[in-house]
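One structure is given here, and the rest of the page talks about it.
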Amino acid sequence: MIGRTVFAAVAALVLSAGIMMTPAMGKGGPKCGQLCKTDITDAKALCTQPKKKDKRACLKAARRDTIAACNAQPKPRERCLPASPSGAFLD
């Protein structure tokens, strides 16, 4: 009876020590939607199409391209690299 209690206590101690010593498995910094919020807003401001359908497509493309440029960066990301109007990436 005492042996099982001691074994359970040692097992709990080893398990908790293992959990505390492992590094945090984060995703590598903030998400690109949060990191590039101002750049997405600036890109959306350039969409001045008169037709609603064209403007909606422009807004979606502005967000998609900016986030794609951000996702292309290695993690952890510290700043946003927005997509240029020509489609090439800026440094």
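Contact between G33 and I40 at its shortest, heavy atoms only, is O-CD1, 4.4 Å. Minimum heavy-atom separation, T66 to A43: OG1-CB, 4.2 Å.
Considering NZ of K53 and NZ of K51, their distance stands at 8.5 Å, rounded to 0.5 Å. One distance of note links NZ of K55 with NZ of K52; it measures 10.5 Å at 0.5 Å rounding. A distance of 13.0 Å separates CG of L35 from NZ of K31, quoted to the nearest 0.5 Å. To the nearest 0.5 Å, atom CG of residue L59 and atom CG of residue D54 are 11.0 Å apart. Note: I67 CD1 to C32 SG = 7.0 Å, rounded to the nearest 0.5 Å.
Distance check for C70 and C36: the SG atoms are not under the 2.5 Å cut-off.
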